[in-house]
Protein chains: 2
Amino acid sequence: MATEPRSPLASLAPATPLTERQEARRRRILQATTQLASRGGFDAVQMREVAELSSVALGTLYRYFPSKVHLLVATMQDQLEHLHETLRKRPPTDQDPAARVAQTLMRAFRAMQREPHLADAMVRALTFADRSVSAEVDTVSRLTTAIVLDAMGLTGRPSPEQLSAVRVIEHTWHSALITWLSGRASIAQVKIDIETVCGLIGTPAEPARA
Amino acid sequence: MATEPRSPLASLAPATPLTERQEARRRRILQATTQLASRGGFDAVQMREVAELSSVALGTLYRYFPSKVHLLVATMQDQLEHLHETLRKRPPTDQDPAARVAQTLMRAFRAMQREPHLADAMVRALTFADRSVSAEVDTVSRLTTAIVLDAMGLTGRPSPEQLSAVRVIEHTWHSALITWLSGRASIAQVKIDIETVCGLIGTPAEPARA
DNA sequence: GACCCATCTGAAACTTGTTCTAGATTAGCG
DNA sequence: CGCTAATCTAGAACAAGTTTCAGATGGGTC
């Protein structure tokens with residue numbers, strides 16, 4: 001863990017900006033990954049297949065994404081950015097911040113239901129990631145936090161309590177997804193869990209209960 | 001996924017009761033697993049090494065535990081049973097149910113801090129487990145639920161709201177562990193998250209509508 | 001255009017989880 | 001005891017993630 005001998009492609013803001021061909025390669029790789037993951041989930045994303053499908057040598061694939069988990073976490077980041085865009089255009093409408101957050105997460109959940117295999121690949125990679133991926137996972141986490149904070153629609157800086165609540169919401173979100181993906185919880189149960197945890201967000205209209 | 005052609009060793013209450021030698025083998029395997037996991041976490045648990053360390057052929061190891069994840073989930077089950085025993089003997093003392101649950105989870109968390117590599121192996125296996133392990137993961141989940149319900153010390157059957165709260169607490173527990181294990185959250189932060197989510201117990205918050 | 005260096009390619013090699021096979025051992029039973 | 005089926009062993013074989021390396025290609029510089 002000394003100075004990073006990593007490729008210049010590792011971070012979000014690359015030291016060396018990518019050439020056009022490199023950008024295109026990266027796109028092709030992520031697209032191939034999405035395609036394979038949508039078909040069969042985590043196991044169906046095989047590095048050799050990703051390389052072939054994106055017309056890139058295996059070694060090159062590993063230069064762009066140093067492991068399968070990195071690759072899938074990057075895919076999740078990609079998807080989350082899309083989601084964030086979509087949500088910005090059509091934000092949740094409810095009056096209550098807690099309800100807005102729940103609404104937002106349920107919207108994301110429905111997106112996952114449409115591509116359960118893809119969801120499987122991304123979420124499993126995210127929770128399986130070890131320290132070597134923590135920077136990338138952190139980026140995903142910050143994106144998720146941003147989405148939730150947006151949904152809360154708060155004015156000004158979030159309080160420490162609000163940040164705690166948001167972290168717990170994210171915990172619940174990830175773990176509930178896992179239980180759903182592995183067939184141990186129903187869609188209805190995930191919904192209940194999300195709504196329950198969103199109760200941690202203070203309702204401004206209502207004072208704290210006794 | 002038709003009729004199970006699995007070994008009679010698969011479930012908790014085996015169809016064929018194990019002979020003494022078989023029981024001893026199982027013990028040796030789990031002990032070897034714990035030992036290797038304690039040394040280097042998930043990656044250090046290598047099936048060939050587990051087999052050798054427990055003086056069992058590789059094929060036999062796979063007969064007892066059909067995959068590495070099964071093996072580690074069984075290890076977690078083992079550890080949780082110990083924890084449950086310990087907690088029964090010295091239950092948390094606080095007046096407030098929420099505080100008792102938080103206290104209990106923090107105790108478990110301190111146990112994990114003593115063996116972070118072992119924790120890594122078990123928790124990563126648990127969240128990485130796919131459908132083929134869902135029965136075993138479910139057993140672990142039920143054990144965890146039992147521990148939390150014990151800590152709540154409730155009289156009579158838990159209400160649906162209480163069960164939701166407990167599920168959300170478990171979600172937070174698992175996911176917070178993950179973030180700690182991958183170095184993205186401090187011990188203090190895990191503590192805060194646990195205490196935050198335990199707030200769902202005492203004051204039955206209204207679920208947000210989506 | 002010639003040269004240089006980083007990058008990319010193709011293919012083999014290595015690692016570790018998992019499966020398979022042939023033969024030895026064990027447990028249960030008459 | 002002797003038989004039979006299940007279990008166990010040793011080891012090869014296979015699958016997929018990862019690494020490595022020799023050579024080809026591309027982009028920038030003189």
Side-chain angles (χ1 to χ4, degrees), chain A residues 5-10 14-29 32-33 36-37 39-74 121 124-125 128-130 132-133, chain B residues 5-10 14-29 32-33 36-37 39-74 121 124-125 128-130 132-133:
Chain A
R6 249 192 319 192
S7 94
L9 307 167
T16 309
L18 300 184
T19 70
E20 208 158 310
R21 298 170 54 95
Q22 286 175 325
E23 192 55 56
R25 260 186 216 109
R26 202 188 124 91
R27 276 288 143 70
R28 285 206 309 277
I29 292 172
T33 302
L36 289 171
R39 178 136 49 257
F42 188 89
D43 294 333
V45 178
Q46 302 196 355
M47 300 304 271
R48 284 171 240 260
E49 275 201 60
V50 172
E52 189 174 0
L53 194 53
S54 48
S55 307
V56 138
L58 191 54
T60 305
L61 172 54
Y62 274 95
R63 170 182 272 275
Y64 280 68
F65 302 96
S67 79
K68 176 169 170 172
V69 169
H70 282 85
L71 174 57
L72 285 169
V73 170
R124 296 256 299 285
F128 189 61
D130 65 5
S132 71
V133 206
Chain B
R6 250 196 316 199
S7 94
L9 307 167
T16 309
L18 300 185
T19 69
E20 209 157 310
R21 297 169 55 96
Q22 286 175 325
E23 192 56 56
R25 260 186 216 111
R26 202 186 124 91
R27 280 285 147 68
R28 286 206 308 278
I29 292 173
T33 303
L36 289 171
R39 176 132 53 255
F42 188 89
D43 294 333
V45 178
Q46 303 196 354
M47 299 304 269
R48 285 171 240 261
E49 276 202 60
V50 172
E52 189 173 0
L53 194 54
S54 48
S55 306
V56 138
L58 190 56
T60 305
L61 172 54
Y62 273 96
R63 171 182 271 273
Y64 280 69
F65 301 97
S67 79
K68 175 170 171 173
V69 169
H70 282 85
L71 175 57
L72 285 168
V73 170
R124 297 257 298 285
F128 189 59
D130 66 3
S132 71
V133 207

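Each chain gets a letter, A, B and so on, in the order its sequence line appears, and its residues count up from 1. All values derive from a computational prediction rather than experimental measurement.
Distance CZ (A:Arg26) to C1' (C:dT7): 17 Å, rounded to an integer number of Å. In this structure, the CD1 atom of A:Ile29 is 13 Å from the C1' atom of C:dT9, given to the nearest Å. To the nearest angstrom, P of D:dA10 lies 16 Å from CZ of B:Arg63. Rounded to an integer number of Å, the gap from CG of B:Leu58 to P of D:dT7 is 18 Å. B:Asp43 places its CG atom 11 Å from the P atom of D:dT18, with the value rounded to the nearest Å. Between the P atom of D:dG17 and the CZ atom of A:Phe128 lies a distance of 12 Å, rounded to the nearest Å. Between the CG atom of A:Asp130 and the P atom of D:dG17 there is a distance of 16 Å, given to the nearest Å. Summarising the geometry, the separation between CD on A:Gln46 and C1' on D:dA16 is reported as 6 Å, rounded to the nearest angstrom.
Atom CD of B:Glu52 has 12 or fewer neighbouring heavy atoms from other residues, nucleotides or ligands inside a 6.0 Å radius.
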Steps toward side-chain contact (heavy atoms from CB on, under 4.5 Å) verdict (B:Tyr64, B:His70): CA-CA 9 Å; B:Tyr64 280 69; B:His70 282 85; over 6 Å; no

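A:Thr60 OG1 to A:Gln22 CD: the interatomic distance, rounded to the nearest 0.5 Å, is 10.0 Å.
The cationic group of A:Lys68 lies under 6.0 Å from the six-membered ring centre of A:Phe42 and within 45° of the ring axis, placing it in a cation-pi geometry.
A residue-by-residue look at B:Lys68 and A:Ala57 shows that A:Ala57 has its nearest nucleotide of DNA chain C further toward the 5' end. For the pair B:Met47 and B:Arg25, nearest-nucleotide mapping onto DNA chain C gives the more 5' position to B:Met47.
For A:Thr60 and C:dT9, the shortest distance from a side-chain N or O to OP1 or OP2 is below 4.0 Å. OP1 or OP2 of C:dC8 has at least one side-chain nitrogen or oxygen of A:Gln22 nearer than 4.0 Å. Distances shorter than 4.0 Å separate none of the side-chain N or O atoms of B:Tyr64 from OP1 or OP2 on D:dT7.
At the heavy-atom level, A:Val50 lies nowhere under 4.0 Å from the strands shown. Contact annotation for A:Arg48: base contact, defined as any heavy-atom pair under 4.0 Å involving a base atom.
You'll find that the side chain of A:Val56 is closest to C:dT9, out of C:dT9, D:dT7, C:dA27.
Inter-residue side-chain proximity for B:Glu23 and B:Glu20 is flagged as unmet; no heavy-atom pair is nearer than 4.5 Å.
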